Protein chains: 4
Amino acid sequence: MAKLQKSIDKRNALVNATIKLVNSNGFHETAMSKIAKMANVSPATIYLYFENKQDLVNQTYLEVKTKYTDFVFKNYNEKSSVTNGFEIIWRRIAEFTLNECDYTMFLNQCNNTPIIDEASRMEGIKHLQPLLDLWIRGKEEGTIKSYSDYMLYAYSINPLSFLMIAQKQYNFQLGEKEINEAFQAAWNSIKI
Amino acid sequence: MAKLQKSIDKRNALVNATIKLVNSNGFHETAMSKIAKMANVSPATIYLYFENKQDLVNQTYLEVKTKYTDFVFKNYNEKSSVTNGFEIIWRRIAEFTLNECDYTMFLNQCNNTPIIDEASRMEGIKHLQPLLDLWIRGKEEGTIKSYSDYMLYAYSINPLSFLMIAQKQYNFQLGEKEINEAFQAAWNSIKI
Amino acid sequence: MAKLQKSIDKRNALVNATIKLVNSNGFHETAMSKIAKMANVSPATIYLYFENKQDLVNQTYLEVKTKYTDFVFKNYNEKSSVTNGFEIIWRRIAEFTLNECDYTMFLNQCNNTPIIDEASRMEGIKHLQPLLDLWIRGKEEGTIKSYSDYMLYAYSINPLSFLMIAQKQYNFQLGEKEINEAFQAAWNSIKI
Amino acid sequence: MAKLQKSIDKRNALVNATIKLVNSNGFHETAMSKIAKMANVSPATIYLYFENKQDLVNQTYLEVKTKYTDFVFKNYNEKSSVTNGFEIIWRRIAEFTLNECDYTMFLNQCNNTPIIDEASRMEGIKHLQPLLDLWIRGKEEGTIKSYSDYMLYAYSINPLSFLMIAQKQYNFQLGEKEINEAFQAAWNSIKI
DNA sequence: CATGAATGAGGATTCATTCAT
DNA sequence: TATGAATGAATCCTCATTCAT
């Protein structure tokens, strides 16, 4: 009994094409037929893997977000001190954000426009739970300002997206030195 | 060159409708006919005021950006000290960003997606020239870290957009206290 | 203030094209583009006059049914005796059914398949109210069998559709003589 | 010529699924994949049994028509008198028409719309040959009006389909009494 | 200036049919 | 024989833009 398998490769090709095309053209300028062409499949094939365009983008979003989280907390050890822990996580986030431009831009676009189902986005910054936990510890032991999580995120994490875009779009390079500066700025804004 | 007999009211209505609809539905989900309806004009009338859809959005973007800049630097006096000057400007930006949600969200959407002509967006953060000048002074006199303008902007200004969105979308309130916290975080990240 | 009018001619052309094409190809084989072409308009124009394909067919159905009823009861006088009244109505129905083949076939197709919204069809044979009233009188005075309306309709009216189709499709002509035969058969089946 | 190793069960399942789905959704709303699903086979399997969709429906039509004829003339004895013979056949037709709703509806839909190849339908009412023969005898011996077969059919047989649909769709029940009424009406319309 | 009607080009999606196993 | 995957062609419908008044 030989059954064909829906190929995971095809699915990935579709997801990747979606990311690239949505990044460069925006969601609604990205025709399903173009996604199909870039993934080397027929338009109809997309519908074997995804329910419709919205579903394709939702799943792509969740997938990228998972990649992000997985990368960021891989190797992270909850036993580290708050100071160390923060720097470790921050540098992972920086690495992802600055190197995986496609992923970051895609997440950005999804977070700033109504192209994603409310449901898919709703979690907010919950996916960074270990970081939020670290902040709790930091606040308790007096290392980190007792700000709202949103505030801490806004000043210590979110700026990285802007820097990545600035690097991409304008004449601005992010080398070793700048990343260290960024870390200092981040840490200074939230440390006590 | 047609005389400006065209009603400025109608133009404004169109611009405002564009902002509202693009904010809630995104650029490509916003049909010209809906913009027309919301502005109480015929679709054809739009083309008396704007060349096409792209032009409408571009002009809207530039207009909002101008409103932003005008508001921010109104009353600003270049004679102030770096410390004072920064706080004054920052608080104006905060006021605009947090109160004029429609404008801010629209700018955000334009800055994070390819809905605006490269040309219209190209200026980057040049529109904040007086702030950039202040930063130069600050770096010279040793009050402000000698970071790139993009870095300074990323940590002291950009987070406000995120906070506004967090306030809109999640259960997070920005009162007097939080704004002061935000200012502290901003200042700590860039001050020497 | 010159306003253009949605042209009633265009609407009629669309309705007529629908009838013809649905008759010869069936509902789902009839592409909107073909209807448009036959009516000499752009496909998009259809949507100025009708909400969608379903609406187009529903409205066409109701329009044809109205034409039918109007034709049948024009000149009908409720004062006539049951016998006379029945013959008068019957002959009008026969005239319409046998001459207006397109209309009759269309009604037939709508009545025998699920191409019409339940709502649009729901009235059943209510549109023949004056005939139903006549039958009531006939039953009361003992001229007409006390059968259900459906039964009376099935035997005295409905056969005409079949005859029309037989005439169209097979080698069967309906002249003066045959129509008289049909009337006799109809009357004999329901008279007391 | 492939041996008939193909499962007759599967074929029947396909035919039955076709009948049910076409009845409730119409021909062109009935996707091959849905027929396959209802028959518990793969879409591809259909093409082992039928050339294509049209062939599937054509064969289904002929099969149902055969069931109809077989049922109607089973036990029929050509020796019966015209009067008796007609009643016997009529009652068999009535039984089939009123009980086998799925079959009847399917035949109806095929007869009233262009979903069947002209060729498959062409026989008209030839499949009722024993009845047509009976009518010939009836006309010769002066029991039955010398009408065209189509006329006789239209008034004595065809109304049953309408009654079945009325029963299905509207608030109208066909019990013993009504069936007898129907027979009287039928007979009265064609008897001399 | 202003408009409602009209449209052609294009997009998402479905489906009968074929292919590879 | 039987299948699930794959697809190209076709369909409905939308929309930015233009036209006629």
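Throughout, a chain's letter reflects where its sequence line sits, starting with A, and its residues are numbered from 1. Both backbone and side-chain heavy atoms feed into the values below; hydrogens, waters and symmetry mates do not. Since this is a predicted model, take the numbers as computed values, not measurements.
Using a 4.5 Å heavy-atom cutoff, the side chains of D:Glu29 and C:Phe27 are not in contact. Here the side chains of B:Ser7 and B:Tyr49 are in contact, with some heavy-atom distance below 4.5 Å.
For B:Lys10, no side-chain nitrogen or oxygen approaches OP1 or OP2 of E:dC1 to under 4.0 Å. Between C:Tyr49 and E:dA6 there is a side-chain polar atom (N or O) within less than 4.0 angstrom of OP1 or OP2.
Per the geometry, CG belonging to B:Leu21 stands 15 Å off C1' belonging to F:dC15, to the nearest Å. Distance, D:Leu56 CG to E:dC15 C1': 15 Å, rounded to whole Å. At whole-Å resolution of the value, CG in B:Leu14 and C1' in E:dC1 are 14 Å apart. In this structure, A:Leu48 atom CG and E:dT14 atom C1' are separated by 12 Å, rounded to whole Å. Rounded to a whole Å, the CD1 atom of B:Ile35 is 11 Å from the P atom of F:dT17. When the P atom of F:dA9 is taken as reference, atom CD1 of A:Ile46 falls 17 Å away, rounded to whole Å. Between the CZ atom of B:Arg11 and the P atom of E:dA2 there is a distance of 14 Å, given to the nearest Å. When rounded to the nearest whole Å, the span between CD of A:Glu51 and C1' of E:dT13 equals 13 Å.
In this structure, the side-chain contact (heavy atoms from CB on, under 4.5 Å) partners of C:Glu51, at least two apart in sequence or on a different chain, are C:Asp55.
Shown here, F:dA10 forms a base pair with E:dT13; the pair counts as Watson-Crick or G-U wobble because both key distances fall under 3.5 Å. Look at E:dA20: its Watson-Crick or wobble partner, with both distances under 3.5 angstrom, is F:dT3.
Atom CG of A:Leu14 and atom CG of A:Leu48 lie 10.0 Å apart (nearest 0.5 Å).
Nearest heavy atoms, D:Leu62 versus D:Ser120: CD2-O, 3.8 Å.
B:Tyr61 and B:Asn111 share a side-chain donor-acceptor pair at under 3.5 Å. A side-chain donor from one of D:Asn112 and D:Asn108 sits under 3.5 Å from a side-chain acceptor of the other.
Of the residues near DNA chain F, C:Gln54 and D:Asn40, the one whose nearest nucleotide (by heavy atom distance) lies more toward the 5' end is D:Asn40. Positionally, the nearest nucleotide of DNA chain E for C:Ser7 lies more toward the 5' end than for the other of C:Ser7 and A:Asn52.
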Scan nucleotides 8-11 of chain E against the protein and return all N/O pairs shorter than 3.5 Å with their distances rounded to 0.1 Å.
from, atom 1, to, atom 2, distance (Å)
E:dG8, N7, C:Ser42, OG, 3.2

